Amino acid sequence: MASHSDTLVVFFGATAGANGGKLGSDERELILLVWQIVDLHENKVGKLKRTLVQPDSADVSEQCKEETGLTAEELCKAEPLESVLQQFYQSVSAELKSLGRSSYTLCVDGPLLIQQVLHPEASKKNLVLPECFYTFVDLKKEFHKCCPNAGPVKDLTLTSMLDCILHMLWVLQYHTFSTFETVNYKFESGACSKTEAVDSETVIRARGLPWQSSDQDIARFFKGLNIAKGGVALCLNAQGRRNGEALVRFINSEHRDMALERHKHHMGNRYIEVYKATGEEFLKIAGGTSNEVAQFLSKENQVIIRMRGLPFTATPQDVLGFLGPESPVTDGTEGLLFVKYPDGRPTGDAFVLFACEEYAQNALKKHKQILGKRYIELFRSTAAEVQQVLNRYMSTPLISTLPPPPQMVSVPMLATSPFITTGSTRDCIRLRGLPYTAAIEDILDFMGEHTIDIKPHGVHMVLNQQGRPSGDAFIQMKSADRAFMMAQKCHKKMMKDRYVEVFQCSTEEMSFVLMGGTLNRSGLSPPPCLSPPTYAAFPATPAMLPTEAALYQPPLLATPRTPQAPAHNPVPALAYYSPQLYMNMNMSYTTYYPSPPVSPSTVSYFPAPSILPPQPGALVRMQGLPYNTGVKDILGFFQGYQWWVPRTRIENH
């Protein structure tokens, strides 16, 4: 067992990639471990032990070959990491026993070998590290502590580390190694108050997370680095669904800096982007002020499960009965938190506490089972997500109010035939799993000879709620046969470092997905913003609106149109576009399309600069609409106005 004693085990290692100050930054595996015992009491050193480690990939960088002199052939004959760690433990224990000692302290040249290489690799390979790797001495820090006037210490080899230790002992006679670095055994969840001070030098933003990842999964990705208690905050989008981002707070800036070195490291098959963030951003996501939430989260070491889609009449007893005796809730009804609107109405969401992972797993098996007449969704959750959901619903106004009318701007009116026409002909393809850095040029290169079969302006990139690429795209082909050939030849073809799935689909399916509908194995679901049968049964009708009335465009414009001076008519005509008509304009566009499993309940397009000739017209934004608003609802809102201006039409499909 390791402890703070007068026996050190000097530990050194190398990876198959970058070493020195960049050790662990390229996610390469360990290939070499070297150790030697130092008896501080007798000022003696033991026998040098050197062991090769067999990596999963035998690819060794040129820099590594120069520094270590190792070849791929030698590594293929070595033992795997698990066996080497057992050899280390047995060798050190036997040598200590011969010296009459029972404890030791690990000594390394900086924290990178332990925190950036050994712990992450052991976590990925599901290995349990000996206790000594959770407490160690950083020789560089210890040297500066005893020699504060010394200059910066360069990267050390095992020999130079031993020289440094012996020099410290000789200069200071009986120097005591007292500054110990520790690695947390596990991440502790907890609540965060909005009044808490959070240092911006300790916070990062992780992007590209799998939607089902929990705070424990994120802590495992950063294994070896100490995350503050309750320091993982999963971010939600406007619909309350996870958007693949998280804010993580570490115990100090040193651990934060090491976390930034894990930029584009992998969680499963996905690479994770890591960026700096601020304490203000963390508190905005994770901070809360509700006493009810604080009391709910005060029970430590609990597993949190989120339930979604509950009947509005569901009681605590109904939820406990649904979960069953194999999933006992902590403290019964006290372990349930129902999410409500400010007026007390239920939202259909609830959070549940379980005492252990086994109970939580049993509860998750009931995902999409029926309670009453509704199926219930169950997901892993976090303390920060509880805060976000409660904050979001409690801040919802009881009576929707419209913002002040914005300045009127002119907009080109629809004067040509629609660009995207709906139909059942399967002359489109859908690309799924694109690299997030992929541009239209990359898609054209990916398609190769099939690019000649694309319709003009037929490539449609799909963006998520944050306006970044979602990994999906739609392409309109000249015929169904060309779309079929493209899907057959390019399915699972590689683009950069990812394979891309290619599916044949119809224009109608593409239009529905771009407007917020879902297309999966279960079939086609219409956009939630167009409630059936409104989107299909409401006929197109010419209409006239007064100049005082104004309809508001969906909420975001990436490229606002510049005002156009009217050509002849002194009275500006107002143009109203329904969601589908707006989509059919002859212009290039992209859309908000959240990553799975999100089904967006609003539609927002980014119109690019229009290529239509300038015509009189005006457009005003309408904000604060309920998510299930249909065309009839908007027309009813303006009931009572005299309809005129013959050039204005309202069309619905």
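Given the structure is predicted, the values throughout are model-derived calculations rather than measurements. Just so you know, these numbers use all the heavy atoms, side chains as well, and skip hydrogens, waters and symmetry mates.
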Count the heavy atoms of every other residue, nucleotide or ligand shown that sit under 6.0 Å from CD of Glu280, and state whether that count exceeds 12. no
Centroid-centroid under 6.0 Å between Tyr185 and Tyr134 rings: yes
For Ser25, which residues count as a side chain to side chain donor-acceptor pair (under 3.5 Å) partner, sequence neighbours excluded? none
What is the minimum heavy-atom distance between Ile376 and Leu310, and which atoms define it? CD1-CA, 3.8 Å
Compare every heavy atom of Ser57 with every heavy atom of Glu29, then report the nearest pair and how far apart it is. OE1-N, 3.3 Å
Return the set of residues passing side chain to side chain donor-acceptor pair (under 3.5 Å) with Ser200 (not counting sequence neighbours), or none when no residue passes. none
Establish, yes or no, whether a centroid distance under 6.0 Å links the rings of His263 and Tyr275. yes
Restricting to salt bridge (charged side-chain N to carboxylate O under 4.0 Å, His left out), what partner residues turn up for Glu196, sequence neighbours left out? Arg249
Quick check: Phe222 with Phe187 (ring centres under 6.0 Å apart)? no
Sequence-distant partners of His255, ring-ring contact (aromatic ring centres under 6.0 Å, His included), two or more places apart: none
Run the salt-bridge test on Lys141 and Glu181 with the 4.0 Å N-O cut-off and return the result as yes or no. yes
Here the salt bridge (charged side-chain N to carboxylate O under 4.0 Å, His left out) pairs for residues 220-237, sequence neighbours left out, are Lys229-Glu300
Looking only at heavy atoms, the pair that brings Ile443 and Ala473 closest together is CD1-CB, 4.0 Å
Could you pull out the closest heavy-atom pair between Ala438 and Met495, with the gap in Å? CB-SD, 3.9 Å
Verify whether the ring centers belonging to Phe11 and Phe133 lie closer than 6.0 Å. yes
ring-ring contact (aromatic ring centres under 6.0 Å, His included) with Phe282: which residues, sequence neighbours excluded? none
Residues forming a salt bridge (charged side-chain N to carboxylate O under 4.0 Å, His left out) with Glu67, sequence neighbours excluded: none
Who passes salt bridge (charged side-chain N to carboxylate O under 4.0 Å, His left out) against Lys22, sequence neighbours left out? Glu261
Tell me, please, which residues at least two apart from Asp217 pass side chain to side chain donor-acceptor pair (under 3.5 Å). Ser214
Under the rule for salt bridge (charged side-chain N to carboxylate O under 4.0 Å, His left out), what residues qualify as partners of Glu441, not counting sequence neighbours? none
Lys366: partners by side chain to side chain donor-acceptor pair (under 3.5 Å), with sequence neighbours left out: Glu326
Taking all atoms of both residues into account, what is the closest heavy-atom pair of Val198 and Leu283, and its distance? CG2-CD2, 3.7 Å
Looking only at the side chains, is there a donor atom on one of Lys340 and Thr347 sitting less than 3.5 Å from an acceptor on the other? no
Please list, chain by chain and in numerical order, all residues satisfying side-chain contact (heavy atoms from CB on, under 4.5 Å) with Gln388, sequence neighbours excluded. Leu236, Ile285
Take atom NZ of Lys496 as the centre, draw a 6.0 Å sphere, and report whether it contains more than 12 heavy atoms from other residues, nucleotides or ligands. yes
His367 vs Phe379, ring pair (Phe, Tyr, Trp, His ring centres under 6.0 Å): CA-CA, chis, key distance, verdict: CA-CA 8 Å; His367 179 60; Phe379 306 98; 5.5 Å; yes
